Amino acid sequence: GQNIDQPTEMTATEGAIVQINCTYQTSGFNGLFWYQQHAGEAPTFLSYNVLDGLEEKGRFSSFLSRSKGYSYLLLKELQMKDSASYLCAVRDLDNYGQNFVFGPGTRLSVLP
Amino acid sequence: DAMVIQNPRYQVTQFGKPVTLSCSQTLNHNVMYWYQQKSSQAPKLLFHYYDKDFNNEADTPDNFQSRRPNTSFCFLDIRSPGLGDAAMYLCATSRGQGAMNEQFFGPGTRLTVL
């Protein structure tokens with residue numbers, strides 16, 4: 001089966017650092033994606049990992065360990081506008097690698 | 001700007017009355033997807049097209065159909081909407097099959113069933 005887990009909610013303070021974890025069990029693996037979704041809006045792409053290690057993009061970094069089925073998204077220097085849901089999605093190998101499986105999302109609240 | 005467009009943004013239909021949601025893209029991407037997202041839940045993949053090849057998820061209800069008449073357009077038809085079909089419907093595209101091909105999402109159509 002396919003299963004992706006994320007914490008349901010997190011709260012952090014403006015200017016702080018927060019780490020959002022994602023664990024996955026999928027039938028195949030062809031990359032892990034992080035998306036940001038503000039309430040009532042479409043998801044927007046943040047980062048992508050296919051090899052183990054850390055990928056850094058400005059204030060956002062994402063880490064992957066394929067052997068552990070684990071990823072995290074690190075947000076630095078939090079801003080109020082970072083309050084959103086963060087979705088972890090795994091691309092598996094079914095359907096010629098077109099099957100994306102999304103986690104339930106983590107709702108992050110950034111407080112002043 | 002190249003983008004994914006969904007119309008309408010808000011759609012109201014009656015129980016059992018067929019409805020069609022539209023998606024178009026100017027990205028010239030090969031793959032198009034339809035997702036259903038209910039409140040506070042993850043997007044759930046309904047279908048995807050790689051070019052004209054249609055792929056239906058195993059648990060997508062028969063009530064949902066899709067058409068892709070050309071590269072730019074894709075439609076989601078709900079033949080007999082039920083109250084449980086009220087949700088946000090997201091269209092997305094990706095360039096192709098390579099691993100690093102992220103999805104670009106449209107703004108979504110929020111469907112209300114009365």
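Hydrogens, waters and symmetry mates play no part in the numbers below; they use all other heavy atoms, side chains included. In this text, all values refer to a predicted model and were calculated from it rather than measured experimentally. First the proteins, then the strands, lettered A, B, ... as listed; each starts at 1.
No continuous path of ILVMFWY side-chain contacts below 4.5 Å connects B:Phe75 to B:Val19, so the two sit in separate hydrophobic clusters. Follow the hydrophobic side-chain contacts under 4.5 Å out from B:Tyr33 and you never reach B:Leu21; the two are in separate clusters. Residues B:Phe104 and B:Trp34 fall into different hydrophobic clusters, defined by Ile, Leu, Val, Met, Phe, Trp and Tyr side chains chained together at heavy-atom separations under 4.5 Å. Taken together through direct or relayed side-chain contacts under 4.5 Å among Ile, Leu, Val, Met, Phe, Trp and Tyr, A:Leu87 and B:Leu90 form part of one hydrophobic cluster. Cluster annotation: B:Phe47 is not connected to B:Tyr50 through the hydrophobic network of ILVMFWY side chains, with a link wherever side-chain heavy atoms come within less than 4.5 Å.
One finds the CZ atom of A:Phe102 at 8.5 Å from the CD atom of B:Gln37 (value rounded to the nearest 0.5 Å). Between the OH atom of A:Tyr48 and the CG atom of B:Asn101 there is a distance of 8.0 Å, given to the nearest 0.5 Å.
Contact annotation: the side chain of A:Arg107 approaches that of B:Ser40 to within less than 4.5 Å [non-hydrogen atoms, C-beta and beyond].
Residue B:Met88 comes nearest to A:Gly40 through the heavy atom pair CE-O, 3.8 Å, listed as atom of the first residue, atom of the second, then distance. Counting all heavy atoms, side chain and backbone alike, A:Phe45 lies closest to B:Glu102 at CD1-CB, 3.4 Å. Between B:Ala42 and A:Pro104, the shortest heavy-atom distance links the atoms CB-CA, 3.8 Å.
Looking at B:Pro107, the atoms closer than 4.5 Å to chain A (heavy atoms on both sides) all sit in the backbone: N, CA, C or O. Contact of B:Gln6 with chain A is not made at all, since no heavy-atom distance falls under 4.5 Å. With a 4.5 Å cut-off on non-hydrogen atoms, A:Gln37 touches chain B through its side chain but not through its backbone.
Heavy-atom neighbours of chain B within the stretch residues 76-86 of chain A, taken at a separation under 4.5 angstrom, are nonexistent.
Atom CG of B:Asn70 is surrounded by more than 12 heavy atoms from other residues, nucleotides or ligands within 6.0 Å.
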Notebook entry, point to check: Going through the checks in order, is the ring pair (Phe, Tyr, Trp, His ring centres under 6.0 Å) test met by B:Tyr35 and A:Phe100?
Noted result: CA-CA 10 Å; B:Tyr35 287 89; A:Phe100 286 81; 7.5 Å; no

